[in-house]
Amino acid sequence: MSEDPGPIGSGSRASDVLVFGTAAAAVAAWALPSPGSDVAVAVLAVALITWPLGFFVFLARRWARIGDWRFVGMTALLTVTAVLATSVGIQLSG
Amino acid sequence: VEQIAMLTPLLVLGLAIVVSFLGSVGGLGGAVLLVPALVLLGWSPIEAAPLGMAMVAANSLAAVPRQLRHSIANHRIGVTLETAASVGAVAGALLALVFTPRVLLFVLGGAAMLSALAGGTRTGQRNLPVEGVAFTDVRDQPGRLASAYIDQTGRVVPYAPRRVGAGLMLFGVAGVVAGMTGSSGGYIKTPVMSEVMHVPVKVAAATTVFMVGVTAAVSLAVYASQGRLTSAIAPAVVGGMVGGRLGAAAQPRLPAPLVRQVLSIVLAVIGLIVVVTA
């Protein structure tokens with residue numbers, strides 16, 4: 001029997017808030033005139049680009065609580081490779 | 001002209017909802033469907049690509065709360081395989097400087113159509129429900145990729161991925177393709193998990209939706225550094241979220257063979273698009 005990693009659905013309320021906030025920023029970016037839409041686009045971009053990092057932290061903490069260090073390490077490795085892929089992409093496009 | 005300008009965001013919204021719904025059910029990013037559709041409507045590929053990735057990221061983000069509530073996506077599989085895909089994406093970005101992706105696209109278009117054939121003609125289910133097993137006993141096993149999900153009849157379906165090494169290698173290839181073509185590679189990831197690793201198609205689809213969000217975030221960071229993220233992405237984001245939520249809500253209620261059939265049809269269309277546009 002596996003150890004309980006927390007109730008099913010834990011973290012879903014926080015992610016609901018993030019989804020709602022991102023949707024609100026998208027609607028604002030669509031509906032508002034500049035410069036309001038520029039600010040909304042910036043918020044939207046930050047949300048869409050950084051949410052996986054927040055989710056990695058959530059997963060790593062969840063797995064650390066049950067001592068699943070193999071996947072904590074795997075999450076750290078994925079974070080490093082994702083950041084590396086981003087920087088290589090930016091360097092090449094520059 | 002003014003009416004057309006007003007209609008364009010609504011058209012993008014409608015397309016993004018449909019594509020994201022299919023993507024969420026079948027486990028695809030959907031940029032490979034949205035971007036060619038926008039190009040056919042007169043957008044340049046340079047303008048259309050950020051909309052495709054913004055829709056994929058929004059679809060992925062919108063699916064997270066429901067995935068956490070229903071425990072369908074296997075995040076251990078996702079994190080493991082996406083690491084290989086990320087390494088492949090770096091290699092693909094570098095290879096794109098040297099090679100043209102045309103030949104690769106032909107191969108991948110063919111592979112997508114073969115996957116469609118394999119998934120569409122396969123009957124029955126590999127992972128069957130098991131009676132008398134508590135979900136909390138078999139899901140989320142520390143240190144292991146094996147897990148379980150609850151099917152549309154409320155029964156527990158345990159599973160254990162096979163051929164993980166081959167899966168890692170093929171995800172590396174999917175990453176190379178994503179890096180070379182600027183797509184999320186979801187149309188390779190779900191069939192690899194489902195047909196090569198024998199992960200249940202619903203789990204594979206939900207896990208891919210999580211993984212393409214990571215790929216899309218990387219691409220969006222690059223587009224942001226180029227100043228290519230404008231308010232034009234907003235309808236694609238709203239459509240991605242609405243379609244993603246609807247698809248994620250529908251998927252747990254659908255029988256696995258139906259999901260596989262939907263995926264096969266979409267894969268056949270994608271294979272055709274990739275070959276024709278290569």
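Chain letters run A, B, ... following the sequence lines, proteins first and then strands; every chain starts at 1. All heavy atoms count here, side chains included; hydrogens, waters and symmetry mates do not.
By number of non-hydrogen pairs under 4.5 angstrom with chain A, the leading residue of B:Ala234, B:Ala216, B:Gly240 is B:Ala234. The candidate from A:Leu77, A:Val83, A:Leu53, A:Thr22 with the greatest count of non-hydrogen atom pairs under 4.5 Å with chain B is A:Thr22. Chain A forms more heavy-atom pairs under 4.5 Å with one residue of B:Val242, B:Leu13, B:Thr215 than with any other, namely B:Leu13. Interface check for chain A: of the options B:Ala89, B:Ala62, B:Ala224, B:Ser60, the most heavy-atom pairs under 4.5 Å are formed by B:Ser60. By number of non-hydrogen pairs under 4.5 angstrom with chain A, the leading residue of B:Leu229, B:Val218, B:Val90 is B:Val218.
Using a 4.5 Å heavy-atom threshold, the side chains of B:Phe210 and A:Leu59 count as touching.
When all heavy atoms of B:Val238 and A:Ala26 are compared, the pair lying nearest together is CG2-CB, 3.7 Å. Residues A:Ile66 and B:Pro142 share a closest heavy-atom pair of CD1-CG, 3.7 Å. Taking every heavy atom of both residues into account, A:Pro52 and B:Gly213 meet most closely at CG-O, 3.9 Å. Scanning all heavy atoms of the two residues, the minimum distance from B:Ser86 to A:Thr81 falls at CB-OG1, 3.4 Å. Residues A:Arg70 and B:Gly143 approach most closely at NH1-O, 3.0 Å, considering heavy atoms.
Contact annotation for A:Leu48: both backbone and side-chain heavy atoms come within less than 4.5 Å of a heavy atom of chain B. Both the backbone and the side chain of B:Ala221 come within less than 4.5 Å of a heavy atom of chain A. Only the side chain of A:Trp51 comes within contact range of chain B, with heavy atoms under 4.5 Å apart. Heavy-atom distances place no part of B:Ser219 under 4.5 Å from chain A, backbone and side chain included. With a 4.5 angstrom heavy-atom cutoff, A:Val41 touches chain B only via side-chain atoms. Contact annotation for B:Ser225: only side-chain heavy atoms (C-beta onward) come within less than 4.5 Å of a heavy atom of chain A. Residue contact with chain A, scored on non-hydrogen atoms closer than 4.5 Å, involves the side chain of B:Arg245 exclusively. Contact annotation for A:Leu44: only side-chain heavy atoms (C-beta onward) come within less than 4.5 Å of a heavy atom of chain B.
Expressed to the nearest 0.5 Å, how far CG of B:Leu61 lies from CZ of A:Phe55 amounts to 10.0 Å. One distance of note links NE2 of B:His75 with CZ of A:Phe58; it measures 8.0 Å at 0.5 Å rounding. Rounded to the nearest 0.5 Å, atoms CZ (A:Phe71) and CG (B:Leu145) are 4.5 Å apart.
Of the candidates B:Thr83, B:Leu81, B:Thr80, A:Leu78 forms a side-chain contact (heavy atoms from CB on, under 4.5 Å) with just one, namely B:Thr83.
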Item to check | Test side-chain contact (heavy atoms from CB on, under 4.5 Å) applied to A:Trp63 and B:Arg76, step by step | outcome: CA-CA 10 Å; A:Trp63 288 332; B:Arg76 284 188 175 87; 3.3 Å; yes

Checklist entry - Step by step, would you call B:Leu94 with A:Val88 a side-chain contact (heavy atoms from CB on, under 4.5 Å)? => result CA-CA 8 Å; B:Leu94 295 170; A:Val88 168; 4.2 Å; yes

